[in-house]
Student: 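One structure, pasted below without further comment.
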Amino acid sequence: MRSDVPHTRATVLIVDDQPTNIHALASLLKEDYRILTATRGEKALELAQAEQGPDLILMDIVMPDMDGYEICRRLKDNEATRAIPVIFVTALDHEKDEEEGLNLGAADYISKPFSPAVVRARVRNQVNLKLKTDLLEKISLQDGLTEIHNRRYFDQKLAEEWSRLSRNDQCLSLLMIDIDQFKPYNDHYGHGAGDDCLRRVAQALERVPVRAMDLVARYGGEEFVVLLPETDAQGARHVAKGMIEAINSLGIAHEYSDVAPHITISAGGATHSTQHPKASAEDLKEAADTALYQAKKNGRNQYRADT
Ligand code: GH3
Ligand code: MG
């Protein structure tokens with residue numbers, strides 16, 4: 001699965017309008033965490049949404065332009081930042097304030113003056129919980145056998161790209177790919193060899209597209225699906241042909257195939273564009289599936305597009 005180079009340490013964002021307070025917390029935590037800081041709400045919200053954003057936010061409550069409650073509310077209202085735990089660190093120590101913070105979805109509450117050991121322990125607990133949740137989330141979107149994205153992830157991304165489209169009027173292409181005569185492969189070489197073949201095919205397919213936005217997923221069984229945002233029919237054909245070629249080049253022996261002495265794939269593609277619009281993401285998928293059926297009927301190891 002493609003991923004950016006991970007930073008090895010978890011990141012903590014400290015939000016406080018007083019630089020001296022930021023400094024006190026940062027000096028407690030900087031050995032164990034990568035530290036980001038913000039003295040204003042807008043900046044905190046911006047950092048929270050950044051590519052390598054925080055795994056935890058330590059937040060003051062009383063701040064002049066936007067208070068900690070409001071920042072927390074906005075973080076929890078935004079899909080992209082909702083999962084980041086927030087710990088309020090504040091001199092307000094009334095039960096009512098604590099209740100308000102927790103009701104807003106804050107993970108914990110630390111009263112000032114604080115004990116350094118307690119701050120470290122609470123931060124560690126929340127960060128560990130967040131990293132575990134992230135891992136579970138990642139596993140739930142990954143195919144266990146091939147380690148590429150799974151159907152659930154694909155369906156999420158397709159829905160996102162589709163909604164982006166209606167605003168931007170761009171094209172979107174989708175490929176459906178199926179291994180040819182995989183049943184006889186399994187029957188003759190065994191299920192273990194079949195699984196190995198699926199892994200090799202998945203990895204080879206994932207290496208073909210070059211754009212960061214492109215997505216390859218296992219759709220189920222021996223079927224794969226490719227999402228190509230901002231790609232027209234010609235671009236889709238190019239990627240599909242590259243994939244067919246990549247699998248031919250793997251040269252995985254398949255003596256029981258009528259198509260070739262090695263494993264091959266067939267691919268069907270469909271494109272939504274202003275000239276040839278599709279009514280829904282489901283229609284796009286169905287059109288690619290119909291094209292795949294044509295590729296199979298026409299002799300396999302080839303690409304067919306929906307128009
Ligand atoms: P076609 O060229 O028309 O696609 O023929 P096919 O034999 O590939 O298609 P069919 O749908 O008849 O068979 C698909 C086979 O894929 C059935 C099953 O043995 C195999 N298969 C599906 N999922 C897995 C899996 O997770 N592991 C293994 N080893 N085999 C699988
Ligand atoms: Mg098949």
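Counting starts at 1 for both ligands and their atoms, following the listed order.
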Student: Just to confirm my output: which protein heavy-atom neighbour is closest to atom 5 (O) of ligand 1, and how far is it?
Tutor: Gln181 N, 3.5 Å
Student: So which heavy atom in the protein is nearest atom 3 (O) of ligand 1, and how far is it from that ligand atom?
Tutor: Arg300 NH2, 2.9 Å
Student: Hey, are Arg120 and Glu31 close enough for a salt bridge, meaning a charged N less than 4.0 Å from a carboxylate O?
Tutor: no
Student: Geometry only, no angles: is Ile179 polar-contacting ligand 1 at N/O separations under 3.5 Å?
Tutor: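 It does: an N or O of Ile179 is found under 3.5 Å from an N or O of ligand 1.
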Student: Tell me whether ligand 1 is touched by Arg218 - counting only heavy atoms on the residue side and a distance under 4.0 Å.
Tutor: yes
Student: Any atoms of ligand 1 less than 4.0 Å from a non-hydrogen atom of Asp178? List them with their elements.
Tutor: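 Once the distances to Asp178 are compared, the set is 4 (O).
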Student: Counting only heavy atoms, which portion of Leu198 has something under 4.0 Å from ligand 1: side chain, backbone, both, or neither?
Tutor: side chain
Student: Do Asp32 and Arg124 meet the salt-bridge criterion of a basic N to acidic O distance under 4.0 Å?
Tutor: no
Student: Using a 4.0 Å cutoff against the non-hydrogen atoms of Pro184, which atoms of ligand 1 qualify?
Tutor: 7 (O)
Student: Just let me know how Asn186 lines up against ligand 1, side chain, backbone, both or neither, with a heavy-atom cut-off below 4.0 Å.
Tutor: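 It is the side chain that touches ligand 1; the backbone stays farther off.
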Student: Compute the minimum heavy-atom distance from Ala193 to ligand 1 and say whether it is under 4.0 Å.
Tutor: no
Student: Hydrophobic side-chain clustering at under 4.5 Å (ILVMFWY, transitive links): who's grouped with Ile139? Put none if nobody.
Tutor: Leu135
Student: State, yes or no, whether a side-chain contact exists between Leu45 and Ile71 at a heavy-atom distance under 4.5 Å.
Tutor: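 In contact.
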Student: Is Asp143 paired with Arg151 through a side-chain N to carboxylate O contact shorter than 4.0 Å?
Tutor: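 The answer is no: the pair does not qualify as a salt bridge.
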Student: Should one rank Lys296, Glu222, Lys183 by closest heavy-atom distance to atom 4 (O) of ligand 1, which comes out on top?
Tutor: Lys296
Student: Which of the protein's N, O or S atoms come within less than 2.8 Å of the Mg ion (ligand 2), not counting waters?
Tutor: Asp178 OD1, Ile179 O, Glu222 OE1
Student: Do Lys183 and Asp187 sit within salt-bridge range, that is, some charged N less than 4.0 Å from a carboxylate O?
Tutor: yes
Student: Just list the side-chain donor-acceptor pairs under 3.5 Å for residues 236-244, sequence neighbours left out, or say none.
Tutor:
none

Student: Salt-bridged, Arg152 to Asp155, with N to O below 4.0 Å?
Tutor: no
Student: Which residue, Ile247, Asn301, Ile179, forms the side chain to side chain contact (heavy atoms under 4.5 Å, CB included) with Thr264?
Tutor: Asn301
Student: My understanding is that we take every heavy atom of each candidate and find the minimum distance to atom 23 (N) of ligand 1. Doing that for Gly194, Gly221, Gly144, which one comes out nearest?
Tutor: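 Minimum heavy-atom distance to atom 23 (N) of ligand 1 goes to Gly221.
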Student: Only counting residues at least two apart or in another chain, list the ones meeting side chain to side chain donor-acceptor pair (under 3.5 Å) with Asp134.
Tutor: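 Partners of Asp134 by the side chain to side chain donor-acceptor pair (under 3.5 Å) criterion, ordered by chain and then number, come out as Lys130.
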Student: For atom 29 (N) of ligand 1, state which one of Ile265, Thr146, Asp195 supplies the nearest heavy atom.
Tutor: Asp195
Student: Does any N or O atom in Phe182 lie less than 3.5 angstrom from one in ligand 1, N or O only?
Tutor: yes
Student: Thinking salt bridges, do Lys43 and Asp65 make one under a 4.0 Å N-O criterion?
Tutor: no
Student: Quick check: closest heavy atoms across Val259 and Gly299, and the distance to 0.1 Å?
Tutor: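 Closest heavy-atom pair between Val259 and Gly299: CG1-O, 4.0 Å.
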